[in-house]
Amino acid sequence: MEQRISLVTLGVADLSRARAFYERLGWRGQEVEETVFFQAGGLALVLWGREKLASDAGVLDTGPGAMTLAQNVRSRAEVDAILATAAEAGARITRPAADTFYGGYAGCFTDPDGHVWEIAWNPGFPLAADGTLTVPDFDTPPSV
């Protein structure tokens, strides 16, 4: 597993309120499917409903501080390999790798302290050679 983070997803109680807060700080987000994405340097900060985040990760919503660390990878096979390595290292697989609603492939694990990691291949979020993720412009249709 490469030493990098692609996305930090914060579980929020009220998506509109959370987005408004970050926009008041000067951040500019894009909302797609009840999820707000902010480009934050070489990674993305994501806001998503707490209940949805916990359900997606296969964990219980245990109160303040809900979040998921995510690493996007270049292939489905890499998702499988990292989840296997994580399990061998002592992680608990909370959601086995599977096809996603957005056309990708992902799975989740928790580290020994319960921090959730999602490992995902997402064809809509290109990675640079150094692993940098760039949030696509959701207002521009994909080229065919």
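By the 6.0 Å contact criterion, CD on Glu2 is enclosed, its count of non-hydrogen atoms from other residues, nucleotides or ligands being greater than 12.
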side-chain contact (heavy atoms from CB on, under 4.5 Å) assessment of Glu31 paired with Val36: CA-CA 4 Å; Glu31 185 170 346; Val36 178; 4.0 Å; yes

Intermediate values then yes/no, side-chain contact (heavy atoms from CB on, under 4.5 Å), Leu43 and Leu133: CA-CA 6 Å; Leu43 61 90; Leu133 177 136; over 6 Å; no

Phe37 and Val32: CA distance, side-chain angles, deciding distance, side-chain contact (heavy atoms from CB on, under 4.5 Å) verdict: CA-CA 8 Å; Phe37 297 86; Val32 121; 4.1 Å; yes

Stepwise side-chain contact (heavy atoms from CB on, under 4.5 Å) test for Met1 and Ile119: CA-CA 10 Å; Met1 180 173 175; Ile119 306 301; 4.0 Å; yes

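Across all non-hydrogen atoms, the minimal contact from Phe101 to Glu33 is CE1-OE1, 2.8 Å. Taking every heavy atom of both residues into account, Gly124 and Pro136 meet most closely at O-CG, 3.3 Å. In plain terms, the two heavy atoms of Ser6 and Asn72 that are nearest each other are OG-N, 2.8 Å. Of all heavy-atom pairs spanning Leu45 and Ala40, the tightest one is N-CB, 4.3 Å. Here the closest heavy-atom approach between residue Ala120 and residue Ala106 is recorded as CB-CB, 3.7 Å.
In the hydrophobic clustering of this structure, Trp117 groups with Trp121; members are Ile, Leu, Val, Met, Phe, Trp, Tyr whose side-chain heavy atoms approach within less than 4.5 Å, directly or through other members. In this structure, Val135 is not a member of the same hydrophobic cluster as Val8, with clusters built from ILVMFWY side-chain heavy atoms closer than 4.5 Å. Linking Ile, Leu, Val, Met, Phe, Trp and Tyr whenever their side-chain heavy atoms come within less than 4.5 Å leaves Val46 and Phe21 in two separate clusters. Leu53 and Leu60 are members of different hydrophobic clusters when ILVMFWY side chains are connected at heavy-atom separations under 4.5 Å. By the rule that hydrophobic residues join a cluster once side-chain heavy atoms approach within less than 4.5 Å of another member, Ile5 and Val79 end up as members of one cluster.
Note on Asp14 versus Arg19: no salt bridge recorded, every NZ/NE/NH1/NH2 to OD/OE distance being 4.0 Å or above.
The list of side-chain hydrogen bond (donor to acceptor under 3.5 Å, both in side chains) pairs with a residue in residues 78-94, not counting sequence neighbours, reads Asp80-Tyr105. For residues 122-134, the set of pairs meeting the side-chain hydrogen bond (donor to acceptor under 3.5 Å, both in side chains) definition, not counting sequence neighbours, comprises Asp130-Thr132.
Between Val116 and Leu69 the shortest side-chain heavy-atom distance does not fall below 4.5 Å. Residues Trp48 and Leu10 are not in side-chain contact: their nearest non-hydrogen atoms beyond the backbone lie 4.5 Å or more apart. Looking at heavy atoms from C-beta onward, Leu15 lies in side-chain contact with Leu47 at the 4.5 angstrom threshold. Looking at Phe109 and Arg95, their side chains never come closer than 4.5 Å, going by heavy atoms from C-beta outward. Arg74 places a side-chain heavy atom less than 4.5 Å from the side chain of Leu127.
A side-chain contact (heavy atoms from CB on, under 4.5 Å) with Gln71 holds for exactly one of Arg4, Gln3, Glu118; it is Arg4.
A ring-centre distance under 6.0 Å is not found for Phe125 and Tyr102.
Note that the CG atom of Asp56 and the SG atom of Cys108 stand 5.5 Å from one another [nearest 0.5 Å].
Of the possible polar contacts, one joining the Gln30 side chain to the Phe138 backbone as a donor-acceptor pair under 3.5 Å is found.
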